[in-house]
Amino acid sequence: MTGAPVPKSWISAIHAYVPGKSAGADGRPLTKLSANENPLGTSPLALAARAEPGAPSLYPDPDSTALRAALGELHGIDPARILCGTGSGELLTLAASAFAGPGDEVLYVRYGFALYEIAARRCGATPVEAPDTDYGADVDALLAAVTERTRVVYLANPNNPTGSFLPRVELARLHAGLPGNVLLVLDQAYAEYVDPEDDDGSFELAAAQANVLVTRTFSKAYGLAGDRIGWATGAPALVEIMNRLRGPFNVSLTGQAAALAGVRDQAFVAHSREHNAAVRERFASQLAALGNHGVRPLPSEANFILVLFEGALTGEAAYNGLAERGYITRWLPGQGLPHGLRITIGTSEQMDEIARHLRDLAQAAR
Ligand SMILES: Cc1ncc(COP(=O)(O)O)c(C=O)c1O
């Protein structure tokens, strides 16, 4: 036999997504603060529901009907305008596949979520990065990067890995500046961590506009990353086209059961948000005290902080130093941030310990 299957050139150009690590270089298990998971675990009600979801010999509901109804009720959205996915990652990827292809451009901000480039390349489109402003999204720069080939704009709000957040007026300005044939995908993976008073208006845009899709996930504040459940909302025509593309039974039996119970346990979500905000604030001020060592925590609305190392202690040395002391974080040279460590907000004890370790490392590096 001669020859071998040849992948499409745009598929060959993809670098696989790099997940957060859970072990050190020597295989030793470490405390994992590299994937923005919930340190409080999962709602006990969701855990109980996923233990008895129904007969595993049967396929799950292909339309996640009960879950969509519960999400619709919680957020005041018609369930017909909601679809569920195998994590929000599935839906983010499908958004590019549905609306872009070879010759088209998919736009996002520099230091955006790593999946956007993969989603663009996967459908043969050209990924385009707009410049940031001090690690945050810049609406003017995004709008200036729009061309007649642009089909999809991705924006994570809050953004991963920077933690930056665009307020409602800026988001509305971004949408208003886009041509109607450009899909604006607002990725709200961390929205449950944002102070409700700072609501960015994404759902209202998705309800009123034909070209806005909002994605959310159960992987973060709901503490269900292992079950892989996400969802999206937008105009009926957007939901309909995405429904044609998604996997037919894309949310598992346990996932649907757990997420449904999770939606009904908003006390757990609120507790996760409040815990995160308190620990994040304390950790940020501990790090800010290391400013004369060139350690700079960026402001964050999410459940992680991007810490920049701009002095004698480098990002790599901080990453290795924390790993030696039992903590795995996310060092980001592959995303143009060799000086950046993204650290998930864990428990207050863990974050106090990390702040102490970073102080010791910074002092030793002088
Ligand atoms: C900004 C952002 N969007 C989407 C996701 C995808 O999460 P999932 O596929 O688990 O819903 C993540 C995960 O880290 C993320 O950080």
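When a residue number appears, it is its place in the shown sequence, counting from 1. Counting starts at 1 for both ligands and their atoms, following the listed order.
- Among Thr217, Leu92, Asp187, the residue whose heavy atom lies nearest to atom 2 (C) of ligand 1 is Asp187.
- Set against the non-hydrogen atoms of Gly89, the atoms of ligand 1 under 4.0 Å away are 8 (P), 9 (O), 11 (O).
- The salt bridge (Lys or Arg N to Asp or Glu O under 4.0 Å) analysis of residues 225-254, with sequence neighbours excluded, yields the pairs Arg50-Asp227, Asp63-Arg246, Glu240-Arg244.
- Within the listing of ligand 1, atoms 1 (C), 14 (O), 15 (C), 16 (O) sit less than 4.0 angstrom from a heavy atom of Tyr190.
- Remark: ligand 1 atoms within the under-4.0 Å shell around heavy atoms of Gly87 are 9 (O), 11 (O).
- Residue Asn160 has at least one nitrogen or oxygen atom sitting less than 3.5 Å from a nitrogen or oxygen atom of ligand 1, judged on distance alone.
- Phe113 CZ, 3.3 Å is the protein heavy atom nearest to atom 12 (C) of ligand 1.
- In the vicinity of Ser219, heavy-atom distances shorter than 4.0 Å reach the ligand 1 atoms 8 (P), 10 (O), 11 (O).
- Among protein heavy atoms, the minimum distance from atom 7 (O) of ligand 1 is reached at Ser88 OG, 3.6 Å.
- Polar contact check, Arg228 against ligand 1: a nitrogen or oxygen pair lies under 3.5 Å apart.
- Counting atoms of ligand 1 from 1 in the listed order, those under 4.0 Å from a heavy atom of Lys220 are 13 (C), 14 (O).
- Ring orientation note: the planes of Phe218 and Tyr222 are tilted relative to one another, at an angle of 30° to 60°.
- With sequence neighbours excluded, the residues forming a ring-ring contact (aromatic ring centres under 6.0 Å, His included) with Tyr190 are Phe304, listed by chain and number.
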